Every structure is written in structure tokens, then in C-alpha cells.
Amino acid sequence: MATVEINFDGIIGPSHNYAGLSLGNLASSSHAGNVAYPRAAALQGLAKMRHNLALGLEQGLLLPLPRPNAAFLRAVGADGSENPRLTAAAWSASSMWTANAATVSPAADTADGRCHLTAANLVTMPHRSQEWPDTVKQLRLAFADPAHFVVHDAVPPCFGDEGAANHMRMGLSHGALGLEIFVYGTSGGAFPARQHEQASRAVARLHRLDPARTLFVEQNPDAIAAGAFHNDVVAVANERVLFTHELAFADPQGTYTAIRERFPEAEIVVVPADAVSLADAIKSYLFNAQLLTLPSGEMALVIPTEAWEHVRVRAWLDAMLASNGPIRRVLPVNVRQSMANGGGPACLRLRVVADPATVDPRFLLDEAKASRIETVIAARWPEAIALAEVGTPALAERVIAARLALLEALDLTDLA
Ligand code: SUG
């Protein structure tokens, strides 16, 4: 099979909860302390994967990381009872947001003609900073073929790196030479700027990208301050199209010009702030969408139902669909459990351009496997988790056994 885009969604783990761990992520803070529904959450995520499969697209999966993370608790000298936030960090199911697992450069862009993946260190948030060693282990299994893939360790923790959430790629097609756009933050007012410019530059060097086809762009500090803790909350690109909020970048016109100079075929769809304010964009997650090329060649935007139901966002989408723009379809999906932690459809997936035959088939999804996963989730994932239960031995036992049952069902006990 030819090179295609494969979206690898993170299966939402059995310890999914609302601990409010992410300063600057307004949904995370505002839902802190709510009861979470891990089973419903994982089934919503699975339904999104099936939705994309049914569109005729290649779909991959990544497994939840081991939680509670005993190694993390040991490393901070805690047994899990002293500090509720440390306990919650060790229990977080945040690896579901695989857009933060790594940055990916397809083979067409790299000097050695292999697809490069660099795990993200996620150092800004303690609960996320512990993900990368297990992420690397998983990526090295999924993308083990050295003729086609290189998996790099995370860049040093002095430079925060949040992976593909701050990386966009444009090109005539997925398999063609692309323009890679890295978006970094310098300040975000009261909120942290999570992506360091030097992390982006290190990843570009490690991936052996052509400097003439690489751009480094500053995120608008006002966007971070308004709650766009990752660039993918305010912009998304796919092939020829960049779909962006007017206030996404520190220098919007300079950014568009730089893109057009390097990629004249670029079509930039800008949503003006007077139609959809930054606050509306962040609340609805309009841009945290999967902009997909369907087998017909048409582009579709997979958005959260929150965006579809938002009056001003809906008005803008209706006008866009009525115009002759490059995005021809809008497809709402329900990922409400993830959304309440600030993770929309785009956060839940890592895009990899590759020939599926070169990927470990255990990480590729089809209907039969989706049914197997569904059975395990329905039987083993806790129905509800209240924050007070996080850290308890009974729940730990349940969460560990649930993940193990999934690994067994997928023949992936190498990750146990
Ligand atoms: O890192 N939320 C995640 C959401 C990640 C979204 N990803 C992208 N935009 N690509 C984060 O802030 C919340 C956890 C909690 O509050 O319990 C959390 O980690």
C-alpha cells in the first residue's frame, strides 16, 4: 500500500479522572473535582476511531500507559498518600492525548528518507512529564522497522516540548515533500508557555529537516493567556489548507507570508475574531479538529459536538460550508469526557504518514479489533471515578487489571 496518513488515537485509560492538574487549560481547571466516567470516555474515543474507519481512513491506536505510575511515586519519594496532587499525577490518564506523545516528520521531509518520531518531554506539567519513557517504549514497538522509522528519546528537559500539538505540516499531499511549521510560545501571562523554541529547533535538527522547508513561528501570547495552551487549540493544517484563528500567531501576516513564500499553493482559511472570539474558539474547540482528506479527495473537519452546538461557531461553519472553500464537510463527534479535560478530537490522535504495512499490525485498527476493545472496556473500565477514590488500593487494583486485560486482548503484553 502507498504512504497514507494514519491517525493513532490514544485509548482512554481506566484511571481517567478530573484532578485539575493543568494550569492554563481552562477545561481542566473548571472540571476539577467532578466525577469522571472512564468507561463512557473510552467508548466515546473508540466511537471516534470507528467513525474515521467508516470514512475509509487508516486508523491506528496507542495503549494507555501503566497507571498508577509506581516509578514516578518512587522517584519523588512518595507512597501516594502524602500529597493529593502527586498522587493524582501518578494516576493521570493524560497519555490519551497522543497529539502530545511525539512530533512526527514523514519520510518525504527527512534527509535519510525515514519517518522520524521524537517523544515529547511534556516537562511543564508534572503529571505529563512522566509519560515519555513509556511512550518511547510503545513507539519503538509500533514503529520498530529501522528501514522506515527512527524513534528519538525526548529532548532535554530544559526545553519544554509538547509534541505534535505545536507542529503542523503542509504539502500537496501527505506523501509529498512538506513544509513543517513548529509553533512555540514565549509567554502566556499568568499561564505557562509550554513549547520552547529550542525544543522545536532540536526536533527539527534530529529529524534532519531541510531548513528551507521548516518554519518556526511564535504563538500569540494573548492566545496562551486566553487558554490556548497548545497551538492545536487555535489552528490545524492538512495538505494545502491551514485553518486558523486570526489571533493564533504573534505575527499572523508575517506567518502567512512566510508560509506562502515556501508553499505557494497554501490555502489559508482565517476565522476572524469578530465572528468567533478567542474565548469562543477555546470554549468550543472549533480548531481542535481533525482536518482530514477523505478517500474522495474532499476535506472534512471532525469537530467536537461542543463546537457544532455553539451558536456563533455554528453560524461561521454554516457560512463556510455554503461558500466554495476547501473544507467541504463538517462532522461532529462526541468526546465530551475528554473535552472536559481540555482534549478535543485532535488531541486524541497522533498523525503518522507511512505505509501501514511497515507498522506493527497490533497498533492498527479494524472493525473486528474495535469490537474486541469495546468488550474489554465495557467489562473492565470503571464506570465512574470520584477524585476521592484516586490513590485507593481497591481502585489501583481495578485499573491495573483493566489495562492488563486490554493488553492481553491485543496481544500486547510486551507493554505490561
Ligand atoms: O495537557 N489535559 C491535557 C489536555 C491535552 C490536550 N492536548 C492537545 N491540545 N493536543 C493537558 O493539559 C488534564 C488533566 C487533569 O486536569 O486531570 C490534562 O492533562
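The residues of the chain are indexed from 1 along the displayed sequence. Every value quoted in this text rests on a predicted model; they were computed, and no experiment measured them. Ligands are counted one by one from 1 in listed order, and the atoms in each one are counted from 1 as well.
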Report summary line: Here the gap from R398 atom CZ to I385 atom CD1, rounded to the nearest 0.5 Å, amounts to 8.5 Å

Query raised in the report: Hey, does the side chain of N121 reach the backbone of D161 with a donor-acceptor pair shorter than 3.5 angstrom?
Result: yes

Query - Any H127 heavy atom less than 4.0 Å from ligand 1 - result: yes

**Report entry** S22, any N or O under 3.5 Å of ligand 1 N or O
**Finding:** yes

Query raised in the report: What do we get for R128 next to ligand 1 when only non-hydrogen atoms under 4.0 Å count, side chain, backbone, both or neither?
Result: side chain

Report summary line: Nearest non-hydrogen contact to atom 14 (C) of ligand 1 from the set N34, T98, N341 belongs to N341

Query - Close approach of S92 to ligand 1, heavy atoms, under 4.0 angstrom - result: no

Query raised in the report: Below 3.5 angstrom, do we get any N/O pair linking C347 and ligand 1?
Result: no

Report task. Of the side chain and backbone of L122, name the one, both, or neither that has a heavy atom under 4.0 Å from an atom of ligand 1. Result -> neither

Query raised in the report: Where the side chain of D366 meets the backbone of K369, is there a donor-acceptor pair that is under 3.5 Å apart?
Result: yes

Report task. Ignoring hydrogens, just give me the one of D232, V233, L23 whose non-hydrogen atom is nearest atom 10 (N) of ligand 1. Result -> D232

Report summary line: Filtering W91, Y18, W97 for the heavy atom nearest atom 3 (C) of ligand 1 leaves W97

Query raised in the report: Looking only at atom types and distance, does a side-chain atom of H127 sit under 3.5 Å from a main-chain N or O of S92, one as donor and one as acceptor?
Result: no

Query raised in the report: Side chain or backbone of A99 under 4.0 Å from ligand 1, or both, or neither, by non-hydrogen atoms?
Result: side chain

Query raised in the report: Do the side chain of N25 and the main chain of F229 share a donor and acceptor less than 3.5 angstrom apart?
Result: no

Query raised in the report: Which atoms of ligand 1 are found less than 4.0 Å from any heavy atom of N25?
Result: 2 (N), 3 (C), 4 (C), 11 (C), 12 (O)

Query - Atoms of ligand 1 close to A165 [distance to a heavy atom under 4.0 angstrom, numbered from 1] - result: 10 (N)

Query raised in the report: What part of M125 sits under 4.0 Å from ligand 1 if we count only heavy atoms: the side chain, the backbone, both or neither?
Result: neither

Query raised in the report: Under 30°, 30 to 60°, or over 60°: which ring-plane class applies to F249 and Y256, parallel, tilted or perpendicular?
Result: perpendicular

**Report entry** Min heavy-atom dist H31 to ligand 1 below 4.0 Å
**Finding:** no

Query raised in the report: When only distance counts, is A19 in polar contact with ligand 1, meaning an N/O pair under 3.5 Å?
Result: yes

Query raised in the report: In Å, rounded to the nearest 0.5 Å, how long is the span from OG1 of T413 to CG of L407?
Result: 7.0 Å

Query raised in the report: So R194 and H230, side-chain contact (heavy atoms from CB on, under 4.5 Å) or not? Walk me through it.
Result: CA-CA 7 Å; R194 297 206 207 177; H230 289 140; 3.6 Å; yes

Query raised in the report: Which ligand 1 atoms are under 4.0 Å away from a heavy-atom of G20?
Result: 15 (C), 16 (O), 17 (O)

Query - Side-chain donor or acceptor of N7 paired with backbone N/O of Q59 under 3.5 Å - result: no

Report summary line: Within 4.0 Å of some non-hydrogen atom of R194, the atoms of ligand 1 are 1 (O), 11 (C), 12 (O)

Report task. Classify the angle between the aromatic ring planes of W316 and F243 as parallel (below 30°), tilted (30 to 60°) or perpendicular (above 60°). Result -> tilted

Query raised in the report: Is the closest N or O pair between S28 and ligand 1 shorter than 3.5 Å?
Result: yes

Query raised in the report: Of the backbone atoms (N, CA, C, O) and the side-chain heavy atoms from C-beta on, which set of E131 has a member under 4.0 Å from an atom of ligand 1: side chain, backbone, both, or neither?
Result: neither

Query raised in the report: Is there at least one pair of N or O atoms, one from G342 and one from ligand 1, spaced under 3.5 Å apart?
Result: no

**Report entry** Sidechain-backbone polar pair: S105 side chain, H116 backbone, donor-acceptor under 3.5 Å
**Finding:** no

Requested in this report: Taking all non-hydrogen atoms of both residues into account, name the closest pair between C115 and V104 and its distance.
Outcome: SG-CG1, 3.7 Å

